[in-house]
Amino acid sequence: MNKNRPKVSVLLSVHNHEMYVGQAIESVLRQTYQDWELIIIDDCSQDRSPDVARQYQNQDDRIRFYRQEENKGAILTFNELLKRADGEYIASLDSDDIWYDGKLEEQITYLEQHKEMAACFSWAEFIDEEGALYSSTKKECDCDIRLFMHEDRTQAQCLRYFFDHDNYLCRSSVVLRAEVAEDIGGFDPKFRVLHDYEYWVRLIQKYPVYMFQKSLVLYRRVSVGNNSLSAVNMKNLTRVLNEHQMIVYTMIKDMDKQIFCEAFQDLLKKEVTNDTHLLCEKYFVLLRWTMLEIVNDRQVAIRFFHEFMDERVIEVLEQEYQYSWQDYYKEMEETWQLYPLDFYKDYRDLAERNTNNENAYKAMQSEYEKSQKEIRRLIREIQGMSRTVSWKITQPLRTAKRFISGNGH
């Protein structure tokens with residue numbers, strides 16, 4: 001083993017965060033635990049982010065800075081950071097977030113004492129553009145500021161929560177054993193928005209993790225424009241929903257028998273005594289999946305049926321579960337209404353009308369201002385869909401459900 005090997009490799013990717021990246025780096029420098037290296041890759045920023053990062057590299061030889069000449073995106077940049085890491089542990093920090101001074105010391109101490117744990121996370125508090133806590137200022141945030149504040153869970157409990165709800169793990173809070181990161185690999189480029197969520201599923205399928213029930217991270221929540229992956233538009237919304245389906249399908253398909261039975265013991269129809277029973281039970285569990293607690297989406301179950309239900313399994317379904325081809329055909333009839341997206345038609349119609357109004361602004365001042373106000377209201381409702389996790393679109397979909405139900409649709 002290299003005697004000069006750092007204990008922790010801190011990975012930090014930067015893209016157009018000149019206002020915040022210095023604060024992120026300084027929070028690493030202030031750590032009470034000092035055996036670390038900080039690897040920074042600037043993903044072709046168009047602002048002064050590279051200049052800010054280089055200043056710190058010149059001050060501390062534990063900091064390594066690299067700049068990409070073309071924008072490769074968060075997924076490939078994170079994977080490149082992983083390749084360059086030499087530490088025993090891997091820690092990740094988003095370039096607009098901030099660590100508490102004792103974060104690394106608490107987490108490394110825990111992992112050194114609990115060799116069975118592959119990684120640990122912590123709670124995170126939300127801050128605004130200026131760094132003020134939302135909880136202190138009472139300023140309105142577009143999502144639940146307690147999102148990352150959860151209890152510690154077993155592998156089965158974590159995966160069941162993912163199935164019933166969504167991701168609740170903050171990437172800037174993780175410390176992960178390097179050999180575990182090498183085993184599970186990097187981010188999967190197939191998941192452009194929910195790559196961190198898919199990564200946690202892959203991690204917890206194989207290893208237990210621990211949650212510190214205290215805040216060790218300040219998680220910055222800022223307003224976003226309409227041209228990024230954080231933007232509120234139908235393209236991004238559809239991408240999030242489709243990626244969520246893929247994650248849930250793969251999670252159930254690959255889930256170990258013991259973990260599956262523990263996670264879904266309340267839903268099992270029979271005792272799982274063989275692989276055929278396991279396939280049947282996974283199919284029935286997928287039939288019950290409700291995307292974001294709102295819409296029963298059976299596409300994942302139908303896909304599972306097509307992939308795994310051969311004549312042998314179908315015979316068991318008929319004889320032991322009293323589930324016939326007619327039952328399957330009925331499921332097929334109920335798979336088409338995937339998402340209650342009619343709600344977003346209001347947004348599109350208003351946006352189109354606003355464009356027309358803008359061309360005749362002086363003549364239609366009153367209507368223009370009215371449509372602007374309504375668009376802002378709808379944006380606030382669906383602004384939750386941003387950054388990298390699908391929980392942020394839950395509230396508008398709930399609104400859509402109430403709207404549709406209230407109109408008898």
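All values below come from the heavy atoms of this structure, side chains included, with hydrogens, waters and symmetry mates left out. Because the structure is a prediction, the values reported are computed rather than measured.
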With a 6.0 Å cut-off (strictly less than), is the heavy-atom count around [atom1] of [X], excluding the residue itself, greater than 12?
X	atom1	answer
K269	NZ	no
E271	CD	no
N274	CG	yes
R64	CZ	yes

Going through the checks in order, is the side-chain contact (heavy atoms from CB on, under 4.5 Å) test met by W325 and L317? CA-CA 9 Å; W325 278 112; L317 280 173; over 6 Å; no
Can you list the steps and then say if L169 with M211 is a side-chain contact (heavy atoms from CB on, under 4.5 Å)? CA-CA 9 Å; L169 300 173; M211 171 68 79; 3.6 Å; yes
Check whether [X] reaches the backbone of [Y] with its side chain - one donor and one acceptor, N or O, closer than 3.5 Å.
X	Y	value
S173	S122	yes
W99	L216	no
D101	T32	no

Is any side-chain N of the basic residue among [X] and [Y] closer than 4.0 Å to the acidic one's carboxylate O?
X	Y	result
D97	R220	no
R62	D60	yes
D51	R54	yes

Quick one, [X] and [Y] - any side-chain contact, counting heavy atoms below 4.5 Å?
X	Y	value
I90	L82	yes
I184	Y199	yes
F163	I252	yes
D35	V8	no
I247	L194	yes
P208	T154	no
R30	I98	yes
N167	V201	no

Parallel, tilted or perpendicular, as decided by the 30° and 60° cut-offs, for the rings of [Y] and [X]:
X	Y	result
Y283	Y323	perpendicular
Y20	H17	perpendicular
H114	Y110	parallel

Can you confirm whether the side chains of [X] and [Y] place a donor and an acceptor under 3.5 Å from each other?
X	Y	value
Q46	N16	no
H150	R153	yes
Y219	R221	no
S49	E18	no

Could you tell me which residues satisfy side chain to side chain contact (heavy atoms under 4.5 Å, CB included) with [X], sequence neighbours excluded, listed by chain and number?
X	result
K253	Y249, F304, E307, F308
D254	Q205, T250
T137	A132, K139
S13	T77, L81

Side chain to side chain donor-acceptor pair (under 3.5 Å) partners of R84, counting only residues at least two apart: E80
side-chain contact (heavy atoms from CB on, under 4.5 Å) evaluation trace for Y321 with V316: CA-CA 7 Å; Y321 291 89; V316 172; 4.1 Å; yes
Under the salt bridge (charged side-chain N to carboxylate O under 4.0 Å, His left out) rule, what pairs show up with a residue in [range], not counting sequence neighbours?
range	result
residues 106-122	K7-E112, E106-K214, E112-K115
residues 172-189	D183-K206, D188-K190
residues 277-288	none

For the rings on [X] and [Y], is their centre-to-centre separation under 6.0 Å?
X	Y	value
F65	Y56	no
F121	Y210	no
W289	H244	yes

Does anything in residues 72-97 form a ring-ring contact (aromatic ring centres under 6.0 Å, His included)? List the pairs, not counting sequence neighbours. F78-F187
Residues passing the salt bridge (charged side-chain N to carboxylate O under 4.0 Å, His left out) test with E198, sequence neighbours excluded, are R202
Could you work out, with salt bridge (charged side-chain N to carboxylate O under 4.0 Å, His left out) as the rule, every residue matching R67, not counting sequence neighbours? D42
Could you tell me which non-hydrogen atom of [X] sits nearest to which non-hydrogen atom of [Y], and how far apart they are?
X	Y	value
A85	L11	CB-CD2, 4.1 Å
V174	A119	CG2-CB, 4.3 Å
S45	H15	OG-CA, 3.2 Å
I25	A53	CD1-CA, 4.1 Å

Given side-chain contact (heavy atoms from CB on, under 4.5 Å), test Q31 with E105 step by step and report yes or no. CA-CA 8 Å; Q31 290 298 299; E105 183 171 6; over 6 Å; no
ring-ring contact (aromatic ring centres under 6.0 Å, His included) filter on Y134, not counting sequence neighbours, yields none
Exactly one of Y168, F191, F162 should register a ring-ring contact (aromatic ring centres under 6.0 Å, His included) with Y197. Which one does? F162
Go through D310 and R312 one step at a time and tell me if the salt bridge (Lys or Arg N to Asp or Glu O under 4.0 Å) criterion holds. CA-CA 5 Å; D310 57 21; R312 172 182 53 87; 3.7 Å; yes
